[in-house]
Amino acid sequence: MAILDFHSRWFQLETVSFNGQPFQYYAANDISYVTHPVAAIQRLNVFVPTAYMQANGTVNGYTAATAPIFMPNTVGGYMPGPADSPQKSDWPSNARTIIGALKRGYVVVSAGLRGRTTTTDGQEAGHAPAFIVDLKAAIRYVRYNAAILPGNAARIITNGTSAGGATAALAGAAGNVQDYEPFLKAIGAADVPDDVYAVSAYCPIHNLAHADMAYEWQFNGINDWHRFRITPLAVGQRPKMTPITGNLSTAQQAASTALKSQFIAYLNDLHLTGPAGKPLTLDATGKGAFADEIARLIQQSAQRAYDQGVDVHKYAGIQTMAGSVTAVDLPSYVRSLTRMKAVPAFDTFDLSSPENNLFGDETVPAKHFTAFSQAHDTANGTQAADHLVALTDPVSQLQAAQATVAPYWRIRHGAADRDTSFAIPLILASLLRQQGRSVDFALPWDTPHSGDYDLNDLFDWIDRVVA
Ligand code: DHB
C-alpha cells in the first residue's frame, strides 16, 4: 500500500500573519488519505511546529516523537467539512484553532470529510455514514504513517463543533468497530486500527434517534419557537441567517407530549448514574434526579460566571444569595432561553431537516430515522435502517460495547445552546463515566451553539491528559 506512504519531502515552510505577527510552520497539503477516493474532498493537510523539523527541537516540553496529534474537523450541519489550514480565511475554517494548537506544540492533521451534500460527477456520495468513514480513514492514514509523521500517533485528539462535535465524539466512541469495515475497505483506507486517545467535542448534535424526544422533554409546554433561517450563499461564504419565529400547532403540541413521555421511558432504560453514583431517573411528569443533575450543572456554570461579576439574572430561574448561586429552577430557566426548533426538532414529518437529508442515499434525498416520525410522515418518506442510524451515533456505539473507546473526553455544551436538549450531552457524559472513561463535562455560562471558545483551557486539558 505504498500509495498511502507519507513522504517528509512534502513539507514546506509556510508563514501566516497572526495577531499582527508572522507565524511559521511546516505544511504538507492536499494528501489523499485513501487509495480509492470517491470524492475530491477526501484529502488532508498536515501542519507541524518548525521546532520538530530541527534536531532535538522542543515546544512546550514536546518533541517530534511525543507531540500530540490534534485532528480538528470543519463539519457543520452534517455538511461536507473541507480540510482546513492556517492560511484559510473563507468559510468554514478554524484557522485560529490550528495556529493555537501549533503554538502549543501539537502536530495538526486536518482532513476533508464528506457530508450530506457531497456529489461526485453529479452522483450523491456523502450521505451517512460517509462523514465518520472518512474521519476513520484519515485517522488510519496517520496511524499507518506513524513512523514517518512527526507527532505521537498514540496521542490523537479529535475536535469538532456541533455536527463536527458529533463526528469527533463518534471517532472516540467507535474505534476499531467491525461494522465500519466494508465502508473503509471500499474507499481503500489503510488496514490499521482507528481508535483515538482523546475527544474534544463542542455541542455535539448526536443521538439523533432520541434527540426529538429529548427536545420535547426539555421544551414541552413552550409553544413558540425562535430560530434563524440559513440560506446558503456562494462556496466559501458563511450562510446568511434570517430570524424567523412560529407557534406550535395543536397537532405539534400533542406530538410534543407524546415524545416527552417516550423520552422518560428511554432515559430510565439507560440506567444512568451521576458523578456521585446516584441513579439519574425521571418520574412520569419528567422531573427527577436526571433533571436535577442538569440544574446542578447550570448552577455550577452560573456560579463561575457570578464569581467573575457577570449578571446571571439575564436568564430566569437563577436564585442568588450572599455571593452564591443557591438554586436553579430549570423550567423557568429553559422558558427564558426560549425554544429554537418546532416539533419534531430533528426527524421532521416532511423530511425537511438537515438530519433527514443526512440519512438519504444515492437515490432518495432524505429519510426518516425514527419510528415516530415515520408513523407521522407527510412526504411519502421511508425510514433509514436502524443499524445505519447506529453507525452515526456515539451513544449507540457505547451501548454496543464493541469499540476501543477513547479514555479521555472533554465535552462542552453552552448553557444557552438550544440546538439540542441538555439531556443529549449529559447522557453521553454519564455513559462514558459509567464505562470508566475520564470525562470533563461542563455547560459554559451564556454560551450559544458554538465551539473552540476556550482554547487555552482546551489545550491545558490536552497537556494534562497526554502526560
Ligand atoms: C448543526 C446544528 C443543528 O441545529 C443541527 O440540527 C445539526 C447540525 C450544526 O451546527 O452543525
Side-chain angles (χ1 to χ4, degrees), residues 72-82 84 91-94 97 113-118 126-132 134-135 158-171 200-216 218-219 225-232 238-244 246 259 337-360 366-370 373 384 389 392-395 411-414 416-425 428 447-453:
N73 71 69
T74 63
V75 172
Y78 286 102
M79 296 287 281
D84 206 355
W91 184 88
S93 170
N94 304 307
T97 302
L113 311 180
R114 285 172 293 161
R116 59 190 171 84
T117 60
T118 299
H127 294 285
F131 67 100
I132 184 59
D134 285 359
L135 180 53
T158 56
N159 158 268
T161 297
S162 194
T167 308
L170 189 50
S200 155
Y202 290 91
C203 51
I205 296 287
H206 68 285
N207 201 349
L208 298 174
H210 305 99
D212 290 334
M213 307 172 188
Y215 207 78
E216 297 319 313
Q218 181 168 319
F219 289 106
W225 52 264
H226 306 263
R227 66 180 299 164
F228 292 93
R229 178 182 290 124
I230 299 169
T231 318
R238 187 180 290 277
K240 188 170 153 235
M241 310 268 274
T242 320
I244 50 172
L259 285 164
L337 274 185
T338 72
R339 171 195 277 271
M340 171 183 167
K341 295 179 177 181
V343 185
F346 296 89
D347 190 355
T348 54
F349 297 156
D350 65 357
L351 294 174
S352 61
S353 76
E355 290 80 8
N356 291 130
N357 183 218
L358 172 68
F359 290 108
K367 292 187 192 179
H368 293 297
F369 46 93
T370 65
S373 290
V389 180
T392 69
D393 178 33
V395 167
I411 303 167
R412 291 292 180 273
H413 181 102
D417 194 328
R418 316 164 301 149
D419 277 57
T420 198
S421 166
F422 297 123
I424 294 296
L428 177 63
T447 302
H449 190 64
S450 54
D452 290 7
Y453 38 71

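Atoms within each ligand, like the ligands themselves, are counted from 1 in listed order. Note that these values count all heavy atoms, side chains included, but never hydrogens, waters or copies made by symmetry.
Protein heavy atom at the shortest distance from atom 6 (O) of ligand 1 is E355 OE2, 2.5 Å. The nearest protein atom to atom 3 (C) of ligand 1, hydrogens excluded, is given as D419 OD2, 3.4 Å; this is a heavy-atom distance. For atom 9 (C) of ligand 1, the closest non-hydrogen atom on the protein side is S162 OG, 2.4 Å. For atom 8 (C) of ligand 1, the closest non-hydrogen atom of the protein is G77 CA, 3.5 Å.
Ligand-side atoms of ligand 1 in range of F346: 6 (O), range being under 4.0 angstrom from any heavy atom. Near I205, the atoms of ligand 1 lying under 4.0 angstrom from a non-hydrogen atom of the residue are 5 (C), 7 (C).
A pairwise comparison of heavy atoms in G160 and N73 identifies CA-ND2, 3.9 Å as the closest pair.
Here CG of D419 is found 8.0 Å from NE2 of H413. Values are rounded to the nearest 0.5 Å. Distance check, rounded to the nearest 0.5 Å: CZ of R412 to OG1 of T161 gives 12.5 Å.
Remark: the D452 side chain and the T97 side chain contain an N/O donor-acceptor pair separated by less than 3.5 Å. Checking D393 against H206 by side-chain atom types alone, no donor-acceptor pair falls below 3.5 Å.
Ligand 1 lies within reach of K341, whose nearest heavy atom is under 4.0 Å from it. The closest approach between any non-hydrogen atom of G76 and ligand 1 is below 4.0 Å.
Remark: ligand 1 and A163 share an N or O pair separated by less than 3.5 Å (distance only, no angle test).
Paired with N207 under the rule side chain to side chain contact (heavy atoms under 4.5 Å, CB included), one option of T420, V389, I424 passes, and it is I424.
Ring-centre distance between F346 and F369: not below the 6.0 Å cut-off.
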